[in-house]
Amino acid sequence: MPGGGPGGGPGVVGAGLVPVFVRIKWALLRNGLRQSAGRTAVYVVSIVCTLLFAAGQLLGMVLLRGHAQAGTLAVLLTAVLALGWAVMPLFFPSGDETLDPTRLVMLPLRAGPLVRALLVASLVGIGPLFTLCLAVGAGISVAHGAFAVAVAVVAVPLVLLVCLALARAVAAANIRLLTSRRGRDLALLSGLVVAVGIQFVNFGAQRLGEAGGLSRLEPAAEVVRWLPPASAVGAVDSAGRGAYGAAVVQLLLSAAALAGLLYWWQRSLTTLMTAPDGSTLAAAGTGTDRRRSAAGGGRLWPEGRTGAVMRRALTYAWRDPKAKSGWVTALALGVIIPLFNAWQGNGSIYWSCFAAGMLGTLMYNQFGQDTSAFWMVAMTVSSPRDAYVELRARAWALLLVTLPYATLVTVATAAVVGDWRALPEGLGLSYGLLGAMLGMGAWASAFFPYSIPQDSAYKNAAPGQGSLAWISMMGGMFGSAVLCAPLIVAAVWSHVSSTGPSGWLLLPLGACWGALLTWAGLRWGASRTARRLPEILAAVSKA
């Protein structure tokens, strides 16, 4: 690129830098789609779904025009949209490669022109298009009168620019942490936050529908309408109601927020380009700590291969960002779904089986979780017996957490529902489902292994292996449901027939049936693993 001094020459600080970065963004999108036909299909489907959803939101906001609470909804929707843009870089740091400004630190570019070029390039993508549709709908719903329309013409692009600048400024300020090994652990919070957020939104929507609707949100909207970028939409609403002075102030607040975010972004880029990177320097543990850890580990686990495999599996679950993300998501959803449904009066003891089902999915693709390091495990497997001990130890490691967790969730659900008589039945069904999921997971790990990329926080299967992931998960879940059919029939029989088994009998039946299914699945999966070891190694090592 021309213009080469450290401070950036005239060739790179002019308007020519903007089209260069726009072309780079288009090239990144185009080249990413060329990697595989599956990725292209998924991207096209996501575009269509996003456009349909955005069109629906736009139409809904237009139809809301003239409603008494149109301004309340428009302002709050804009605030939630801006919050999403603010937290996106923290939860999905690898979702957009152009969010990482460290890739540009060696180029002879000044921070000011770089901010302008990156801001314009940020307009390319599905997210900005979706944001623009929502901002247009919010503006139309509250624009009444010529002055309000004029304000909306300025407010709509201002909302979009503030959201983009907010995401970029947050990413630039935290990029050293987010691209470090420990910083990537922040991505696992997305599963917990999304799970909790969805349930709170669902709970709040039901409460709004039961008592008063959007009018209950008016006090919150009165505060939010003065916070950028929602203040831009609030300016349109104020202009439509004749409060011209308030409209001007609200619009200036959003403009000042944009200027402040751009300044913060520029300062962060300047720091990145001039300051050394010391964020990834980890302090090495002392020799005493390492000796204490090694000594303590030997007393906690069984002797031989079983203890080593269990310790390795739990270490991966704690240290590997992908494994930790799966654990956190499963644990969060496993307790949130049953308890929230119980609190809302829609729950029953059967919802507690959701915890066992979510945690049982962690048994699937056991060998793919090792990635290319599985070759070290493969070298120690020379017979079905070796494979059985390997899979059994992994199942035991899961059971150390999943069994008491499923028990606690079932007890908590029974307490919230207030149906203690159904507790033995719920425990029996949960244990049976957990055993079926562990057995099917061992079988699916041998028949449908796939590689899990480690260079991306949002990819769970290597290109071309997405179908294997779906077959493994969906087939295993369907098979687990079929295997639990005897317990389901027994539970139904106990309710509809006076001669059926009592609920207390389902507890030992479910525990024994789950243990039997786990043992059978491990045996079957071990024999297939020993036979298909080369194919498994090739599948999980695929880049």
To the closest 0.5 Å, what do you measure between CD (Gln57) and CG (Leu52)? 12.0 Å
Would you say Tyr405's side chain and Leu359's backbone share a donor-acceptor pair under 3.5 angstrom? no
State whether the side chain of Asn365 and the backbone N or O of Tyr450 hold a donor-acceptor pair below 3.5 Å, judged by distance alone. yes
May I ask you to say whether Glu390 pairs ionically with Arg385, meaning some side-chain N is under 4.0 Å from a carboxylate O? no
Could you grab the distance from atom CG of Leu506 to atom CH2 of Trp493, nearest 0.5 Å is fine? 11.0 Å
Show your reasoning for whether side chain to side chain contact (heavy atoms under 4.5 Å, CB included) applies to Leu537 and Leu533. CA-CA 6 Å; Leu537 182 59; Leu533 204 57; 5.8 Å; no
Cut-off 3.5 Å, side chains only: do Thr518 and Arg392 have a donor facing an acceptor? no
Gap separating the OG1 atom of Thr410 from the CZ atom of Phe354, nearest 0.5 angstrom: 13.5 Å
Is it true that Thr407 and Tyr431 share a donor-acceptor pair across their side chains at a distance under 3.5 Å? yes
Checking Arg394 side chain against Gln366 main chain: does a donor-acceptor pair fall under 3.5 Å? yes
Without hydrogens or angle criteria, can the side chains of Trp85 and Thr131 be said to hold a donor-acceptor pair below 3.5 Å? yes
Examine distances only and state if a side-chain atom of Arg305 and a backbone atom of Thr380 form a donor-acceptor pair shorter than 3.5 Å. yes
Roughly how far apart are Leu77 CG and Thr72 OG1, rounded to 0.5 Å? 12.0 Å
With under 30° as parallel and over 60° as perpendicular, where do the rings of Trp443 and Phe448 fit, or are they tilted in between? perpendicular
Does Tyr350 offer a backbone N or O that forms a donor-acceptor pair with the side chain of Glu425 under 3.5 Å? no
Atom SG in Cys353, atom CG in Leu433: separation rounded to 0.5 Å? 6.0 Å
Between CE on residue Met310 and CG on residue Leu398, distance to nearest 0.5 Å: 9.5 Å
Under 3.5 Å: donor-acceptor pair, side chain of Gln369, backbone of Ala317: no
Can a cation-pi geometry be assigned to Arg528 and Phe447, taking NZ or CZ under 6.0 Å from the six-membered ring centre and within 45° of the ring axis? no
